[in-house]
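To start, the structure under review is shown below, and the notes come after it.
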Number of protein chains: 2
Amino acid sequence: MDKNKERNLSLLADFYEFTMANGYLMKNMENKVAYFDLFFRNIPDNGGFAICCGLESCISYLKNLSFTEEDVKYFKSKNIFSDKFIDFIRNFKLEADIWAVPEGSVVFPGEPLITVRAKCIEAQILETMLLLLINHQSLIATKASRIVRASKGRAVMEFGSRRAQGADAANFGARSAYIAGCIGSANTLADRDFKVPALGTMAHSWVQMFDSELEAFKAYAETFPDSTVLLVDTYDTLRSGVPNAIKTFDEVLKPMGIRPKGIRLDSGDIAYLSKQARKMLDDAGYEDVQITASSSLDEYKIMDLLMQGAKLDSFGVGERLITSKSSPVFGGVYKLVATEEDGKIENKIKISENVEKITTPGFKTFYRLYDKNTGKAEADLITFKDEKIDDSKDLEIFHPIHTWKRKTISNFTAREMMVKIFDKGNLVYKLPSLEEVKKYTESELDSMWEEVKRFEFPHQYIVDLSQSVWDEKTKMLNERNYKKKY
Amino acid sequence: MDKNKERNLSLLADFYEFTMANGYLMKNMENKVAYFDLFFRNIPDNGGFAICCGLESCISYLKNLSFTEEDVKYFKSKNIFSDKFIDFIRNFKLEADIWAVPEGSVVFPGEPLITVRAKCIEAQILETMLLLLINHQSLIATKASRIVRASKGRAVMEFGSRRAQGADAANFGARSAYIAGCIGSANTLADRDFKVPALGTMAHSWVQMFDSELEAFKAYAETFPDSTVLLVDTYDTLRSGVPNAIKTFDEVLKPMGIRPKGIRLDSGDIAYLSKQARKMLDDAGYEDVQITASSSLDEYKIMDLLMQGAKLDSFGVGERLITSKSSPVFGGVYKLVATEEDGKIENKIKISENVEKITTPGFKTFYRLYDKNTGKAEADLITFKDEKIDDSKDLEIFHPIHTWKRKTISNFTAREMMVKIFDKGNLVYKLPSLEEVKKYTESELDSMWEEVKRFEFPHQYIVDLSQSVWDEKTKMLNERNYKKKY
């Protein structure tokens, strides 16, 4: 699990994180405490929600964050870093307080996924890696969940390693896809390291390596009688592949008393071929033999195949999952929301001509409000950390921009979504197992209305600000409103 | 450079590579030699060419390929691998012959980028990592080259780490972008490990950390007088940011006798803001101070900004470069093209109902034909490895599908593009330095006509098959033509 520790990724940070830390030190601001929120603004593929993944990797990174003598040498070679900075780097030890939503949580734009409270010099240098890990893994989990939902109960296998954007993308992508509902991955390393079940059939090269397709199929069935899935499209799916597969089942597996597992279609008109292949298999007495499809699949192609009545039992999904091809960026950001000096917290805001880039100030958390009758999530409410939600009585919430849009929530339970992960640099969170994260993700999805989960114009789930947060944000915006001297 | 060696990525392979290797061993086929071609079918973003990157990573992976006792234990735990396979894995030592195009080469669909000649059990297990590395790094180099070309001589900086698909995507993406023409990266690790120059300015958090924007700017200029680039959009670009920047230049840098470097625009209407900011800077006597833009840029946005007359001197490009957002998959494949037993080579083909998925059989190489007068590349010719091109006389080449399209090349030089990298498992290739690769890439681009480099409907560069290769492919297709028993 902790494979990150073998690598020194402490320098995987934007160079400006270090120059800014150096600047804070030079200005004797190192004891100023900063609060940073990690949040995102847009849901990939215009979906209704995202699945937050990457926390385990963040914890691994944070636990092992330190700088080697090689790093120190590197900074010195730049000739712009002060001795004070070099000392800081050499003696670096995580001291931050960090809160986060559990891995596998359903999350929405604007919600803090991670909040870091630390000396500004420390909080600043965590930015790049926390963003990179959460952005990548949330992206893949969110995409995989869409593909799994489109498959309507059929198994989805992650087959994308060869098209992943680097080795980490393959490994952590496989893990994120598994969390989001895939049954396993072709990536062997993800099995060894994370216990994501390794899956696979055969390549075209296996078939080509033999003098004939039939010989190749028979050799495979003899070698792996209990897991025989034959790839039938090397030469001609219906005239050669499927007949040879049936012949192999008859001549190799039947005498052994073993039922074959399936065939795989990897090219051509999958809808048509699957129907024809299904009929041929059924006619030969192999009604239980499954048909797997692969070939640039994603949620849209799978929905379309199923709409056409394709006879498919499972899907191997590659490049379009492992890169989230139709929406390959998860745009998480890491923004300063408050500072603290001598125990006094000062809220901070970033204003922008792009209104959606304006930040929400203050040290915050957020609650999910569940209807007690249905168990479904009705709304999220972003509050200051020290606000309490009283779920014993009705609660009126309102839209943060169209404030006349009001809703009274009654008969609900409020659940705080963020949990403490690090306390003064010490890990205080018990990491769940991968299977626990996968189960949790499933329960998170179950708590969402179908309207939020659809692909086209999903219902916009309510994420409101508490009255106090809204008041503070409005006050700060008005103060800044082009009147004040900067 | 060789950071991969610290990691055991030998299991980053599709599970079926190992089950197939096991199968070959069970069938006593382990001495059968396989020839695999790694090639791609489509150019990202419908461009005119791709830049092949990733060879250095492939070499690092191959040199360090071996299996640990942990790996052996893993395979044993699966209960499907034979003792013979376990022995093979435990004693694995690379024995392959491998040819490849140098890193930074301009390449086209169908051309072998890597050819592996090895025992089938060995060649098979290299598939996933070779594809992953070449696919990812070629993708980013190809995208970065487009963005650099759109910038028309202005500097492009790679700023995407935080949105990269994992840590490797950030590191090797920074390296690939640099090879393709970026001047550096924000990623500090890529500087330490690869010597990609680290670049950066300041974040909004720096500005927010101080009581006022002016104070923040002055503190920065005092700390880094020689590299002052101020981010001017935290509150209000024209009413606050630019005036405060000018004030800082006047009050902090001018007395020191230092010329400021620049300002950065990160939101709002960059075209408009850049023109206004340029005027304000010019009026204040800072005609030489540069304006940098960042904010979800790519080649299209940059072309559009320049068309509008935006006053920009350099670009910081993030998520759309580091994920190749508009086209995030490089579809390289690894296909069996021949086998060899007792010294006899047998060519192999994969047929498909998707015509573009049909492979070109045989042990091959390819030549680039340059016009002696212009120095420009006129066409590529894929040949069998043992064919020789006589460039002392005219050469007639023809389109591999529309065979009536013929062209006579005269007064040319022929350059074989593939070089030998491994001989019987030993590295026989001298790796060029990063700077040499970058220079080579530049010369590769210089050798291409502008028509091939344009974005919209680029000229389709000629990639033909030699008569012998064409004859063999046609013969094999006709033999397979639904007549033969498979």
Side-chain angles (χ1 to χ4, degrees), chain A residues 6 9 11-16 20 23 26-27 74 120 128 131-132 135-136 161-170 172 186 188-189 192 198 200-206 208-209 212-213 219-220 223 234-235 239-240 267-268 319 323 325 328-329 336 348 350-354 357 480 486, chain B residues 6 9 11-16 20 23 26-27 74 120 128 131-132 135-136 161-170 172 186 188-189 192 198 200-206 208-209 212-213 219-220 223 234-235 240 244 267-268 319 323 325 328-329 336 348 350-354 357 482 486:
Chain A
E6 295 165 23
L9 292 175
L11 283 204
L12 209 178
D14 283 10
F15 193 65
Y16 74 10
M20 286 190 285
M26 304 277 279
K27 291 288 163 191
Y74 166 78
C120 57
T128 308
L131 282 172
L132 180 158
N135 280 337
H136 168 235
S161 297
R162 62 189 58 192
R163 304 279 164 81
Q165 296 191 356
D168 287 318
F172 295 103
T188 311
L189 193 57
R192 192 198 68 182
T201 58
M202 60 169 63
H204 296 114
S205 57
W206 174 275
Q208 294 173 278
M209 199 72 77
S212 74
E213 188 179 53
Y220 196 87
T223 316
T234 304
Y235 301 118
R239 284 189 260 196
S240 162
S267 62
E319 63 192 38
T323 65
K325 184 167 186 263
V329 172
L336 184 75
K348 295 284 180 177
K350 185 209 167 295
I351 301 184
S352 175
E353 279 151 69
N354 308 32
K357 283 193 170 184
R480 285 284 177 194
Y486 300 100
Chain B
E6 294 166 23
L9 291 175
L11 284 204
L12 209 178
D14 284 7
F15 193 64
Y16 74 11
M20 286 190 284
M26 302 279 279
K27 291 288 163 191
Y74 166 79
C120 56
T128 308
L131 282 172
L132 179 159
N135 279 337
H136 168 235
S161 298
R162 62 190 59 193
R163 304 279 164 82
Q165 297 191 354
D168 288 317
F172 295 102
T188 312
L189 194 57
R192 192 197 68 182
T201 57
M202 60 169 62
H204 296 113
S205 56
W206 174 275
Q208 294 173 279
M209 199 73 77
S212 75
E213 189 179 55
Y220 196 88
T223 316
T234 305
Y235 302 118
S240 162
N244 280 332
S267 61
E319 62 191 40
T323 65
K325 185 167 185 264
V329 172
L336 185 75
K348 295 284 180 175
K350 185 209 165 298
I351 302 184
S352 174
E353 278 151 69
N354 308 32
K357 283 194 170 182
Y482 310 123
Y486 300 100

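Numbers restart at 1 for each chain; the letters A, B, ... are given by sequence-line order, proteins then strands. Just so you know, these numbers use all the heavy atoms, side chains as well, and skip hydrogens, waters and symmetry mates.
- Under the 3.5 Å distance criterion, the side-chain polar atoms of A/Asn135 are matched with a main-chain donor or acceptor of B/Arg162.
- Taken from CE in A/Met209 to CG in B/Leu336, the straight-line distance is 5.0 Å, to the nearest 0.5 Å.
- Shown here for A/Pro328 and B/Thr323, the closest heavy-atom pair between the two residues is O-CG2, 3.7 Å.
- Taking all atoms of both residues into account, the shortest heavy-atom contact from B/Tyr74 to A/Ala198 is OH-CB, 3.8 Å.
- The nearest pair of heavy atoms linking B/Thr234 to A/Lys350 is O-CG, 3.8 Å.
- Of the inter-residue distances, the one linking A/Met20 atom CE with B/Thr201 atom OG1 reads 8.0 Å to the nearest 0.5 angstrom.
- Side chain of B/Thr188 to main chain of A/Phe15: a donor-acceptor pair is present (N/O by atom type, distance under 3.5 Å, no hydrogens or angles).
- With respect to chain A, the highest number of heavy-atom pairs below 4.5 Å among B/Lys357, B/His136, B/Lys348 belongs to B/His136.
- Contacts between A/Met26 and chain B at a heavy-atom distance below 4.5 Å involve the side chain alone, from C-beta outward.
- Taking chain B as the reference chain and counting heavy-atom pairs below 4.5 Å, the highest number among A/Gly268, A/Ser205, A/Ala219 is found for A/Ser205.
- Annotation: salt bridge (Lys or Arg N to Asp or Glu O under 4.0 Å) contacts of B/Lys325 (sequence neighbours excluded): none.
- For the atom pair CG of A/Asp14 and CE of B/Met202, the computed distance is 14.5 Å after rounding to the nearest 0.5 Å.
- Under the side chain to side chain contact (heavy atoms under 4.5 Å, CB included) criterion, A/Ala170 pairs with A/Ser161, A/Ala164, A/Asn187, B/Leu12, B/Leu132, not counting sequence neighbours.
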